[in-house]
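Below you'll find the structure, written out as structure tokens, and then a few comments.
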Protein chains: 2
Amino acid sequence: MDTVNQNSTFEEKLAGFEACCRKHGLKLTPQRIAIYKTLISTDSHPTADEVYQMVRTEISNISLDTVNRTLLTLTEIGAAFQVEGTGQPRRFDGGLEDHQHFLCIKCGKVIDFQHDALGDIHIPDEVQGQFKILRKTVYLEGFCSVCAEKEL
Amino acid sequence: MDTVNQNSTFEEKLAGFEACCRKHGLKLTPQRIAIYKTLISTDSHPTADEVYQMVRTEISNISLDTVNRTLLTLTEIGAAFQVEGTGQPRRFDGGLEDHQHFLCIKCGKVIDFQHDALGDIHIPDEVQGQFKILRKTVYLEGFCSVCAEKEL
DNA sequence: ATACTAAATAGGATTTACTACTATTTGTCA
DNA sequence: TGACAAATAGTAGTAAATCCTATTTAGTAT
């Protein structure tokens, strides 16, 4: 996993983010920085619109499209990620044989894979007690073989 | 895990589905059955619109809204589920400390939880080779404490 | 069989999330 | 400091999901 930085202060994160942008040849615009700051300042899981509302207090005329675009860029460079279970048209599954899902973040394709060992994951008691769990799975995200080639 | 039925024939699944509907006091409408049949007849992960197109060959004047509604009812009774990584507005996460997500399928709230043991999940080589994995996590779905009470 | 009632549906309108487009602005680097 | 590619604002457009209402229908009682 290659998230920008964990267990670091706000300033360290910011510095890490700026380095990450430069590494990917991305410009350090005030909008980009404001959006990143907003995102790491909350422990909720905001939608693009929610981020938009928050950032507007700082940059009043920022556009929603910029927020959307920027959030996607952040996920692409690993400075943020999308919460699984959200995004794009809903896809359904007949829930047949036990399997896990891999989502290609480029083309959106969902690929099943199966591995018995993943089937029985132990969920800690404090979590068990807190929620009524209907489904547990291991979930992978990345590039499928087709999209991985295009990335090079 | 309480999916309707795994490792069973088409007819068994259908019978199980009908029983499941009755159990939940749901009527067995032709639309509902057709949608369920369609869903378990494919190993892709269709969107509501894709299911709609397929079911239309059987019930030509079915409405998209019905398909949507029905697919959601199916997930509520455990006869199907939504593929994680899809659905509703995208939510973002600053990706700070390592954590897992629990999604309440009722209110849509995403709750973080943390358990070290879940951190390092072994992904089999045949999967590793097939994709470029950027993120792996254990993902839970169900009812949060608030919604679980309302369900009773 | 027949009639009744709550549940479900069709069809269309509306809302919401996201993306596309274009003119303008702004970081970055020579 | 000037040039240029990248990024942005603003707005228009598209796609997905939901809402609304009149009508139909499955399940049950008679």
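A, B, ... follow the sequence lines: proteins, then strands. Residue 1 opens every chain.
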Distance, rounded to the nearest Å, where [X] contributes [atom1] and [N] contributes [atom2]:
X: B/Ile35; N: C/dA8; atom1: CD1; atom2: C1'; answer: 11 Å
X: A/Tyr52; N: C/dC18; atom1: OH; atom2: P; answer: 15 Å
X: B/Asn61; N: C/dA8; atom1: CG; atom2: P; answer: 18 Å
X: B/Leu74; N: C/dA8; atom1: CG; atom2: P; answer: 12 Å
X: A/His24; N: D/dA6; atom1: NE2; atom2: P; answer: 15 Å
X: A/Ile62; N: D/dT11; atom1: CD1; atom2: P; answer: 15 Å
X: B/Ile59; N: C/dT9; atom1: CD1; atom2: C1'; answer: 10 Å

#### Entry: B/Lys136 with A/Glu141: basic N within carboxylate O range, under 4.0 Å
no
#### Entry: Aromatic B/Tyr52 / basic B/Arg56 pairing, under 6.0 angstrom, 45° off normal
yes
### Query
Relative to the ring of B/Tyr139, is the ring of A/Tyr139 parallel (under 30°), tilted (30 to 60°) or perpendicular (over 60°)?
tilted
### Message
Students often mix this up, so state it plainly: with edges at 30° and 60°, are the rings of A/Phe81 and B/His101 parallel, tilted or perpendicular?
### Response
tilted
### Task
Applying salt bridge (Lys or Arg N to Asp or Glu O under 4.0 Å), name anything that partners A/Arg22, two or more places apart in sequence or on another chain.
A/Glu18
### Message
Please confirm whether the ring centroid of B/Phe131 lies under 6.0 Å from the ring centroid of A/Phe102.
### Response
yes
### Message
D/dA9, OP1 or OP2 - any side-chain N/O from A/Ser63 closer than 4.0 Å?
### Response
yes
### Query
What is the per-nucleotide protein-contact pattern of nucleotides 17-27 of chain D, from the 5' end, where B denotes a base atom under 4.0 Å from a protein heavy atom, S denotes such proximity for sugar-phosphate atoms only, and - denotes neither?
SBBB-----BS
